[in-house]
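Proteins get letters first, then strands, A, B, ... in listed order; numbering begins at 1 in each.
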Amino acid sequence: MYALIDCNSFYASCEKLFRPDLKRRPVVVLSNNDGCVVARSAEAKALGIKMGIPYFQIKDFLQQHRVAVFSSNYALYADMSARVMNTLEQLCPDVEVYSIDEAFLYLGRYPAALNDLTAYAKLIKTTVERHTGIPVGVGVGKTKTLAKLANYAAKTHPATQGICVLDKASWTERLMTITPVEEVWGIGRQHTKKLHSLGITTVAQFAAMSHSLVRQHFNVVMERTNLELNGVMCLGLEAAMAKQEIVSSRSFSKKITEFDDLSQAVMGHVSKAAVKLRKQQSVCKILVVFAKTSAFNPNEPYQSIRGQYQFINATCDTRVMIAGARQVLERIYKPNLKYAKAGVMLCAIQDQATIVDDLFEKPDLLKQQQSQKLMAVMDAINQQMAYQSKAQAKGSSKGNGGRLFIASTGIAKQQDWQMNRAFLSPSYTTKLSDLLTVH
DNA sequence: TCTGGGGTCCTAGGACCC
DNA sequence: TCTGGGGTCCTAGGACCC
């Protein structure tokens, strides 16, 4: 038995948490660069605001309906997420954090839960809500895919009051009959199209297909989904693994053409990616640099540039990585393109402890130790600054303000291409200067 | 004017090996 | 003229997820 816990309208709920005045108001949260709507409170959904719609298209509509608009405040959401996950870990020994707002619990080793699944699901819901203030839905089923389906039911049907336990076959069948097949976890747009052409529109119809037939028409992934819907466990709880790829990329608030601007942006992404790399105690062997023009401009062809650097010895030293990225960018840069987005990807990632050195280029051990210490100091100082710095507070979210950084990532004032975050809320829970004061 | 970002898994096809 | 069989590794691209 698995439970899936999902936070309701997570980003919007986080924003409401510290703004009681918004309790009944519609709230939307925008993607990076204030591009699209990525989260909507229940009131905003009721207004018919669609997920993923570009902000500029509905700006007036939002104003008319007094919708509160926020830029993404990732520091706030990450911290609230950690609180939710901590609470869940207190309630069950086997937790898989699946995304920022979702977690699977495996109940098989937890008799207290198995005894009375409904009571346990209620306990989860009320405890998380009391500890964190974030409303959640709970779905329980024999497999992960069924728990997901149950969670969908808890979200969609008000009668469930946010809790759905699929422990009776009749219940499960009924739910599958009234649920469209595209709501199944693992069935996206393309597969839905194909299923429709085969005359399959409901979950029940898909579940009734034989798994070998599914395999014929699709692939093993779909076959597993089909088996899971029939109660055959194909997916287990997954441990948090070190990332095999790390990406940092962003759209610019305005198009850029100059090499220096592009370079500053790319080097900033190298720095961010390197921090993530060190955080999981890895090193990388390959660094990919890419940049592209807008895919939405009908007047100019979409173009992208891309190139990679292979390190002789795997590294996580920001300075080494920036030097590599610089070489690549000089090689691939095309003048006269209007770049809309740029970034880097780190590949061939290995654990620091298991590095295999190059046969001929033995690394200098002393240098290696110096590098490790230097990076550790830089990361530690920047972490402290993140808690205290006012430089990145509301309205001045651009640039490197107040941190230790490599000079080639540029100086804050000049970077007018940095992303827009016009509606950023304070970092209530992660920055001393943003703590709420109660009068 | 303005359209997100960060991941995973799987497959097909090419290059190469013996 | 006829042109095997079995394997690995890598890359690109498609599909999915949140």
How close or far is atom [atom2] of [N] from atom [atom1] of [X], stated in whole angstroms?
X       : N       : atom1 : atom2 : result
E245(A) : dG6(B)  : CD    : C1'   : 10 Å
K341(A) : dC2(B)  : NZ    : P     : 16 Å
I349(A) : dG7(B)  : CD1   : P     : 8 Å
I246(A) : dG7(B)  : CD1   : P     : 6 Å
M345(A) : dT11(C) : CE    : P     : 12 Å
L424(A) : dG4(B)  : CG    : P     : 19 Å
M419(A) : dG4(B)  : CE    : P     : 13 Å
N73(A)  : dG5(B)  : CG    : C1'   : 16 Å

For F10(A), what residues pass the ring pair (Phe, Tyr, Trp, His ring centres under 6.0 Å) criterion, not counting sequence neighbours?
->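 For F10(A), no residue satisfies ring pair (Phe, Tyr, Trp, His ring centres under 6.0 Å) once neighbours in sequence are set aside.
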Stretch residues 30-60 of chain A: residues that reach within less than 4.0 Å of DNA chain B through a heavy atom |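 Within residues 30-60 of chain A, the residues near DNA chain B are S31(A), N32(A), C36(A), P54(A), F56(A).
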May I ask you to list the residues of residues 289-310 of chain A, by number, that have any heavy atom positioned under 4.0 Å from an atom of DNA chain B?
-> F296(A)
Which pairs of donor and acceptor atoms, one on a side chain in residues 212-220 of chain A, lie under 3.5 Å apart (sequence neighbours left out)?
from    : atom 1 : to      : atom 2 : distance (Å)
S212(A) : OG     : S210(A) : OG     : 3.3
N219(A) : OD1    : V221(A) : N      : 3.1
N219(A) : OD1    : M222(A) : N      : 3.0

Check K23(A), R25(A), K16(A) against E43(A) for a side-chain hydrogen bond (donor to acceptor under 3.5 Å, both in side chains) and give me the one that passes.
-> K16(A)
Out of dT11(B), dC2(B), dG5(B), which nucleotide sits closest to the side chain of K255(A)?
-> dC2(B)
Of the nucleotides dG7(B), dC9(B), dT11(B), which one has an atom closest to the side chain of K243(A)?
->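 Looking only at side-chain atoms, K243(A) lies closest to dG7(B).
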Would you say the side-chain atoms of [X] pair up with the backbone N or O of [Y], donor to acceptor, closer than 3.5 Å?
X       : Y       : answer
Q384(A) : I381(A) : no
T160(A) : A154(A) : yes
D79(A)  : T430(A) : no
E228(A) : R224(A) : no
S263(A) : F259(A) : no

Using a cut-off of strictly less than 4.0 Å, decide whether S249(A) has a side-chain nitrogen or oxygen near OP1 or OP2 of dG4(B).
-> no
Taking only side-chain nitrogens and oxygens of R224(A), does any of them come within less than 4.0 Å of OP1 or OP2 of dC10(B)?
->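 So the side chain of R224(A) is within the cut-off, an N or O lying under 4.0 Å from OP1 or OP2 of dC10(B).
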For dC18(C) and dT3(B), measure between their P atoms and round to the nearest Å.
->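 Approximately 25 Å lies between the P atom of dC18(C) and that of dT3(B).
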Worked check of side-chain hydrogen bond (donor to acceptor under 3.5 Å, both in side chains) between D317(A) and T315(A) = CA-CA 6 Å; D317(A) 186 316; T315(A) 184; 5.6 Å; no
Assign each of H269(A) and R215(A) to its nearest nucleotide of DNA chain B by heavy atoms, then name whichever residue's nucleotide is nearer the 5' end.
-> H269(A)
5'-most contact on DNA chain B (nearest-nucleotide basis), Q244(A) vs F252(A), goes to F252(A)
With sugar-phosphate taken as primed atoms, P, OP1 and OP2 and all else as base, the protein-contact string of nucleotides 13-18 of chain C at under 4.0 Å (heavy atoms; B, S, -) is --SSSS
Would D351(A) and S282(A) count as a side-chain hydrogen bond (donor to acceptor under 3.5 Å, both in side chains) if you check the C-alpha gap in whole Å, the side-chain angles of each, and the deciding distance to 0.1 Å?
-> CA-CA 4 Å; D351(A) 197 287; S282(A) 302; 5.7 Å; no
Is the distance between the ring centroids of Y106(A) and F104(A) under 6.0 Å?
-> no
So, for F70(A) and F423(A), is the gap between ring centers shorter than 6.0 Å?
->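 Between F423(A) and F70(A), which both carry aromatic rings, the centre distance is not below 6.0 Å.
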Remember a base hit wins even if backbone is also touched, and classify S248(A) as base, sugar-phosphate or nothing at under 4.0 Å, heavy atoms.
->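 It contacts sugar-phosphate atoms only.
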K193(A) near the nucleic acid: base, sugar-phosphate alone, or nothing, with a heavy-atom cut-off under 4.0 Å?
-> nothing
Base-pairing mate for dC18(B) - Watson-Crick or G-U, with both contacts under 3.5 Å | dG5(C)
Could you pull out every donor-acceptor pair under 3.5 Å between side chains of residues 55-66 of chain A and any protein atom, sequence neighbours left out?
from   : atom 1 : to     : atom 2 : distance (Å)
H65(A) : ND1    : F61(A) : O      : 3.1

